[in-house]
Amino acid sequence: QVQLVESGGGLVQAGGSLRLSCAASGRHFSSYAMGWFRQAPGKEREFVATIVWSGANTYYADSVKGRFTIAGDNAQNTVYLQMNSLKPEDTAVYYCAADLRPTIWILLRNPAQYDYWGQGTQVTVSS
């Protein structure tokens with residue numbers, strides 16, 4: 001049974017920072033990539049960032065590029081999302097996800113590509 005557990009969400013003022021963490025567990029768990037998505041009320045789940053372990057390549061949504069940084073440790077099955085210069089529009093539930101299958105990077109922006117999901121952590125940015 002694979003589990004992804006996020007932590008680090010909370011309430012922060014605009015311009016502030018938060019660091020999200022995600023730990024994956026499960027016998028023989030091994031992923032190709034791990035990513036972060038978010039979902040605001042009334043909106044679809046959207047891609048935020050992903051890291052492909054082979055080569056440590058990272059990809060970001062345009063809306064967070066330059067403000068958010070994804071990093072992690074493949075051996076420890078952990079991934080982090082450092083969020084700086086937060087804006088009210090970043091308010092959402094943030095989900096960690098794991099993709100087990102090698103694929104081209106553009107498909108990693110699609111939630112359907114991912115095999116396992118965490119329960120989500122709320123991030124609220126006040127203006």
Side-chain angles (χ1 to χ4, degrees):
Q1 183 79 9
V2 174
Q3 280 192 315
L4 275 63
V5 179
E6 302 102 332
S7 61
L11 173 64
V12 64
Q13 287 189 331
S17 299
L18 281 174
R19 185 179 190 237
L20 304 183
S21 300
C22 173
S25 62
R27 196 171 181 182
H28 305 307
F29 176 79
S30 177
S31 62
Y32 171 75
M34 291 185 73
W36 290 94
F37 289 76
R38 66 187 182 187
Q39 189 166 17
K43 294 189 176 182
E44 292 187 352
R45 191 167 296 190
E46 65 170 357
F47 169 76
V48 175
T50 197
I51 181 167
V52 176
W53 296 123
S54 176
N57 293 312
T58 57
Y59 305 95
Y60 296 92
D62 288 343
S63 58
V64 306
K65 204 172 291 184
R67 300 187 298 122
F68 291 11
T69 302
I70 187 170
D73 185 331
N74 189 18
Q76 298 294 323
N77 292 324
T78 55
V79 65
Y80 309 98
L81 185 69
Q82 177 67 42
M83 305 185 295
N84 298 328
S85 302
L86 282 161
K87 306 175 181 180
E89 51 264 44
D90 294 318
T91 295
V93 176
Y94 282 70
Y95 296 91
C96 170
D99 165 44
L100 306 186
R101 301 157 288 170
T103 187
I104 58 175
W105 73 268
I106 192 69
L107 293 182
L108 290 172
R109 305 173 74 91
N110 185 348
Q113 179 64 31
Y114 293 79
D115 301 283
Y116 295 102
W117 292 84
Q119 81 289 351
T121 185
Q122 176 70 46
V123 171
T124 303
V125 184
S126 63
S127 58

*Asks:* Once you round to the nearest 0.5 Å, how far does CG of L20 lie from CZ of F68?
*Replies:*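 Reported value, rounded in 0.5 Å steps: 8.0 Å.
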*Asks:* So, taking the atom named CE in M34 and the one named CG in N77, what distance separates them when rounded to the nearest 0.5 Å?
*Replies:*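 So the CE of M34 and the CG of N77 are separated by 7.0 Å.
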*Asks:* Check the hydrophobic clustering (I, L, V, M, F, W, Y; side-chain heavy atoms under 4.5 Å; chains of links allowed) and say if V2 and V79 are grouped together.
*Replies:*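 Linked within one cluster.
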*Asks:* Give me the atom names and distance for the closest heavy-atom approach of T78 to W53.
*Replies:*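 Shortest heavy-atom contact: O-CH2, 3.5 Å.
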*Asks:* If hydrophobic clusters are built by linking Ile, Leu, Val, Met, Phe, Trp and Tyr wherever their side-chain heavy atoms come under 4.5 Å apart, do L107 and W105 end up in the same one?
*Replies:*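 Yes, same cluster.
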*Asks:* Looking at Q82, I'd like to know if its CD atom is crowded, meaning that more than 12 non-hydrogen atoms belonging to other residues, nucleotides or ligands lie closer than 6.0 Å.
*Replies:*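 Counting neighbours around CD of Q82, more than 12 heavy atoms of other residues, nucleotides or ligands fall under 6.0 Å, so yes.
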*Asks:* For the CD1 atom of I51 and the OG1 atom of T69, what is their distance to the nearest 0.5 Å?
*Replies:*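 With rounding to 0.5 Å, CD1 (I51) is 10.5 Å from OG1 (T69).
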*Asks:* Is any side-chain heavy atom of Q122 closer than 4.5 Å to a side-chain heavy atom of T91?
*Replies:*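 They are in contact (side-chain heavy atoms under 4.5 Å apart), so the answer is yes.
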*Asks:* When clusters are formed by joining ILVMFWY residues with side-chain heavy atoms under 4.5 Å apart, either directly or through shared neighbours, do W36 and Y32 land in the same one?
*Replies:*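 No; Y32 is not reachable from W36 via cluster members.
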*Asks:* For Y60, what residues pass the ring-ring contact (aromatic ring centres under 6.0 Å, His included) criterion, not counting sequence neighbours?
*Replies:*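 Per chain and number, Y60 pairs via ring-ring contact (aromatic ring centres under 6.0 Å, His included) with no residue.
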*Asks:* Indicate the atoms forming the closest heavy-atom contact of S127 with A14, along with that distance.
*Replies:*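 So the two residues come closest at CA-CB, 4.4 Å.
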*Asks:* Of all the heavy-atom pairs spanning V64 and V48, show the shortest one and how long it is.
*Replies:*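 Of all heavy-atom pairs spanning V64 and V48, the closest is CG2-O, 3.5 Å.
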*Asks:* If you round to the nearest 0.5 Å, how far is CD of E6 from SG of C22?
*Replies:*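 One gets 5.5 Å once the value is rounded to the nearest 0.5 Å.
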*Asks:* Determine which pairs satisfy side-chain hydrogen bond (donor to acceptor under 3.5 Å, both in side chains) with at least one residue from residues 94-104, sequence neighbours left out, and list them in order.
*Replies:*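 Qualifying pairs, neighbours excluded: R38-Y94, D99-Q113, R101-D115.
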*Asks:* Are side-chain heavy atoms of M83 and R67 found at a separation under 4.5 Å?
*Replies:*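 Side-chain contact under 4.5 Å: no.
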*Asks:* Which distance, rounded to the nearest 0.5 Å, do you find between the OG of S25 and the CD of Q76?
*Replies:*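 With rounding to 0.5 Å, OG (S25) is 12.5 Å from CD (Q76).
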*Asks:* Does A56 have any side-chain contact (heavy atoms from CB on, under 4.5 Å) partners at least two apart in sequence or in another chain, and if so, which?
*Replies:*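 Applying side-chain contact (heavy atoms from CB on, under 4.5 Å) to A56 gives none.
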*Asks:* Please identify each residue that fulfils ring-ring contact (aromatic ring centres under 6.0 Å, His included) with F37, with sequence neighbours left out.
*Replies:*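 Testing F37 for ring-ring contact (aromatic ring centres under 6.0 Å, His included), a comparison that skips the adjacent residues, returns F47, Y114, W117.
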*Asks:* Please step through side chain to side chain contact (heavy atoms under 4.5 Å, CB included) for the pair V52 and Y59, ending with a clear verdict.
*Replies:* CA-CA 9 Å; V52 176; Y59 305 95; 3.9 Å; yes
*Asks:* Taking a hydrophobic cluster as the set of Ile, Leu, Val, Met, Phe, Trp and Tyr residues connected by side-chain heavy atoms closer than 4.5 Å, whether directly or through intermediates, do L81 and L108 fall within one such cluster?
*Replies:*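 No, separate clusters.
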*Asks:* Looking at every non-hydrogen atom in both residues, tell me the closest pair between F29 and A24 and how far apart they are.
*Replies:*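 Closest approach of F29 to A24, heavy atoms only: CE2-CB, 3.5 Å.
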*Asks:* Whether D90 and K87 form a salt bridge (side-chain N of Lys/Arg under 4.0 Å from carboxylate O of Asp/Glu) is what I want to check.
*Replies:*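 Salt bridge: no.
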*Asks:* Please identify each residue that fulfils ring-ring contact (aromatic ring centres under 6.0 Å, His included) with Y80, with sequence neighbours left out.
*Replies:*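 For Y80, no residue satisfies ring-ring contact (aromatic ring centres under 6.0 Å, His included) once neighbours in sequence are set aside.
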*Asks:* Rounded to the nearest 0.5 Å, how far does CG of L86 lie from CG of N84?
*Replies:*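 Here the interatomic distance stands at 7.0 Å.
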*Asks:* Using the salt bridge (charged side-chain N to carboxylate O under 4.0 Å, His left out) rule, collect all pairs that involve residues 7-21, keeping only residues at least two apart or in two chains.
*Replies:*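 Residue pairs passing salt bridge (charged side-chain N to carboxylate O under 4.0 Å, His left out), neighbours aside: none found.
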*Asks:* Of the non-hydrogen atoms in A40 and A92, which two are nearest, and what is the gap between them?
*Replies:*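 The pair with the smallest heavy-atom distance is N-CB, 3.8 Å.
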